K.L.:
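Provided herewith is a single structure, encoded as C-alpha cells, for subsequent inquiry.
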Protein chains: 2
Amino acid sequence: MLRLSTKGQYGVRAMFEIARSCNHGPVTIREISERQDVSVAYLEQILNQLRKSGIIKSVRGPGGGYVLSRDPGKVSIGEILRELEGPVAITSCLDPKEGCMRVEGCVTHLLWKSLGENIEAFLNSMTLKDLLEGNEFISLKQRPGQVPGNIMAKVPDKTKARLAS
Amino acid sequence: MLRLSTKGQYGVRAMFEIARSCNHGPVTIREISERQDVSVAYLEQILNQLRKSGIIKSVRGPGGGYVLSRDPGKVSIGEILRELEGPVAITSCLDPKEGCMRVEGCVTHLLWKSLGENIEAFLNSMTLKDLLEGNEFISLKQRPGQVPGNIMAKVPDKTKARLAS
DNA sequence: ATAATAGTCTAGTGATTCTGTCAAGTATTA
DNA sequence: TAATACTTGACAGAATCACTAGACTATTAT
C-alpha cells in the first residue's frame, strides 16, 4: 500500500547524484544513469521536469550536464517529489485538481488529510544534504521518540567508503 | 503522489458503518452500500476479505449482515488497510514479497523505510473508535510519544485548531 | 566551420494494476 | 420453502505506469 512511483524514486536518486557532485562541476545524464542504473531516456524526462521547476540547471555542450541551483541543504525531498508527482493526495478527495463532492459525508476525510499533511511534513524536513551526510535520522532525533541512531548504522562499511569517495 | 486505492478507502468507510451499528445488530451490505455510496458487488469482495482476516464476522439469513469481532477501540485503521492492501511499502525494495536486489547501492533505502514506519505508526494508532467519536486528532494529541516523532509536530496551529473544533 | 558532445521535446506503446461487474452459487431463518 | 443474505471465482474496460524512440537544438574544442 501507498507505493511511490519509480519516477519519484529515480528522481530523488538522480538528485542525490547531482548533489553529490555539487563541487565538481556538472554531472551528465550518462553518469547518473550508470551510477543509479536508470535508463538515459527515462532520466531525460525526469531531469527535464526538475529543470523546468528551477531546482536544477542544465549546461549544454561538451563538459555540460546538470548542477543544483541551490545548496543541497535547501532542497527537500518533498520538493523533488512534489515537482515530479504533484502534492501528496491520499484520496482523490484531497487532490487539488479534483476536489471533493461530498466533504460532509466523508467521515474519513480528515483522517486522510492529516495523514497526508504528516507525510508532507516528513518529506519537507528531509533534504539532499541529509542524504549526503547519511544522517537524516539524526535530524529527526530532535523530535522525541524518533527512530534512534544514525541512518548509516545499517549500511555496510564498503558502501560508506564508496559514498565518501 | 502516494494515493490510497479506493478499495482501502471503501474498506475503512465500510468498517466505519459496521462499527457505528455495533450496538444495533448486524449491518447488511445493502445498508453499507447506500450509506457510503459504494456498489454492493464491490463491497462483497472487500468485506469478504476482511471477514477472512477475522476482523469482522458475518451472520447469514434474514436479519443477518456484518458485525465487528472486537471492540471498535481495538480495531486500527492500519489493520484494515494492511488486510486489504498489504503492508506499507513505499518502494518495491521494501515489499516483503519482492525484496531488495541492491540494498547497498540504494542510498534512499532507509529514507523510504523510515517514512513507511511513520505512516504505519500513524495508521496503527488510529482506531474505529476514534473515527466514531470524531476526535481522532484530539485523541492522538493525548498520546504523546506513541507515534514516533510526534507526527503532529509540524502541523500548522490553525490546522490543529480546525481539527479540534 | 564543423564535428563531437550534451541537453530538449513530443509521441507512443506494452504491461500492469485498478476498479469494478457478473453470475452462479451456499447458508440461514421466518 | 420463500426470502434474505453472504460466498466465490472469473473476467473486462479503463487508467496509469514505466519506459522507448526519434528528431531536434545548443555549446564548445579544434
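Quick note: numbers below take in every heavy atom, side chains included, and nothing from hydrogens, waters or symmetry partners. Nothing here was measured: the structure is a model prediction, and the numbers come from that model.
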K.L.:
Are the side chains of B:Glu85 and B:Ser5 in contact, using a 4.5 Å heavy-atom criterion?
P.N.:
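Yes, close enough: below the 4.5 Å cut-off.
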
K.L.:
Do B:Phe122 and A:Leu115 come close enough that some side-chain heavy atom pair is under 4.5 Å?
P.N.:
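Yes, their side chains come closer than 4.5 Å.
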
K.L.:
Distance check needed: D:dT4 P versus B:Arg30 CZ, whole Å only.
P.N.:
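Answer to the nearest Å: 9 Å.
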
K.L.:
Please name the pair of heavy atoms, one in B:Ile90 and one in A:Leu2, separated by the smallest distance, quoted to 0.1 Å.
P.N.:
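Distance-wise, the nearest heavy atoms are CD1-O, 3.6 Å.
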
K.L.:
Which whole-number value in Å describes the distance from B:Gln9 CD to C:dC18 P?
P.N.:
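Atom-to-atom, B:Gln9 to C:dC18, this comes out as 13 Å.
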
K.L.:
Whole angstroms only, please: what is the CD1-C1' distance between A:Ile32 and C:dA6?
P.N.:
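A:Ile32 atom CD1 is separated from C:dA6 atom C1' by 12 Å.
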
K.L.:
Figure out the CE/P separation between A:Met1 and C:dC18, and round it to whole Å.
P.N.:
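Taking atom P of C:dC18 as the reference, CE of A:Met1 is at 13 Å.
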
K.L.:
Both A:Leu4 and A:Arg60 contact DNA chain D. Which one's nearest nucleotide lies toward the 5' end?
P.N.:
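Here A:Leu4 is the residue nearer the 5' end.
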
K.L.:
How many Å lie between CG on B:Leu2 and C1' on C:dC18, as a whole number?
P.N.:
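Roughly 17 Å, once rounded to whole Å.
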
K.L.:
Is any side-chain N of the basic residue among B:Asp95 and A:Arg3 closer than 4.0 Å to the acidic one's carboxylate O?
P.N.:
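A:Arg3 and B:Asp95: salt-bridged.
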
K.L.:
Go nucleotide by nucleotide along DNA chain C from the 5' end; which of A:Val59 and B:Ser5 gets its closest nucleotide reached first?
P.N.:
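Nearest-nucleotide comparison on DNA chain C picks A:Val59.
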
K.L.:
Rounded off to whole Å, could you give me the CD1-to-C1' distance for the B:Ile56 and D:dC6 pair?
P.N.:
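B:Ile56 atom CD1 is separated from D:dC6 atom C1' by 11 Å.
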
K.L.:
Between B:Glu79 and B:Arg82, is the closest basic N to carboxylate O distance under 4.0 Å?
P.N.:
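The answer is no: the pair does not qualify as a salt bridge.
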
K.L.:
Without decimals, in angstroms, what is the distance between B:Tyr10 OH and C:dC18 P?
P.N.:
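In whole Å, C:dC18 P and B:Tyr10 OH are 14 Å from each other.
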
K.L.:
Under 4.0 Å between a side-chain N/O of B:Tyr42 and OP1 or OP2 of C:dC18, yes or no?
P.N.:
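It does not, given that no N or O in the side chain of B:Tyr42 lies less than 4.0 Å from OP1 or OP2 of C:dC18.
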
K.L.:
For C:dG20, does OP1 or OP2 lie under 4.0 Å from any side-chain N or O of B:Thr6?
P.N.:
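It does, given that an N or O in the side chain of B:Thr6 lies less than 4.0 Å from OP1 or OP2 of C:dG20.
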
K.L.:
Whole Å only: how far is the CG atom of A:Leu84 from the P atom of D:dT16?
P.N.:
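Roughly 18 Å, once rounded to whole Å.
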
K.L.:
Respond yes when some side-chain nitrogen or oxygen of B:Tyr66 is under 4.0 Å from OP1 or OP2 of D:dT7, and no when none is.
P.N.:
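So the side chain of B:Tyr66 is within the cut-off, an N or O lying under 4.0 Å from OP1 or OP2 of D:dT7.
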
K.L.:
Nearest to the A:Pro62 side chain among C:dG7, C:dT29, C:dT5, which nucleotide is it?
P.N.:
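Ranking C:dG7, C:dT29, C:dT5 by closest atom to the A:Pro62 side chain puts C:dT5 first.
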
K.L.:
Hey, mind stepping through B:Leu128 and B:Leu68 against side-chain contact (heavy atoms from CB on, under 4.5 Å) and telling me if it holds?
P.N.:
CA-CA 10 Å; B:Leu128 288 178; B:Leu68 285 186; 4.0 Å; yes

K.L.:
Side chains of A:Glu17 and A:Tyr66, heavy atoms from C-beta outward: is any pair under 4.5 Å?
P.N.:
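They are not in side-chain contact.
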
K.L.:
Mind listing the residues from residues 43-54 of chain A sitting with a heavy atom below 4.0 Å of DNA chain C? Number order is fine.
P.N.:
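A:Glu44, A:Gln45, A:Asn48, A:Arg51, A:Lys52 - these, ordered by number, are the residues of the stretch whose heavy atoms sit under 4.0 Å from the strand.
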
K.L.:
Is the phosphate of D:dT7 approached by B:Ser58 (side-chain N or O, under 4.0 Å from OP1 or OP2)?
P.N.:
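Result: yes.
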
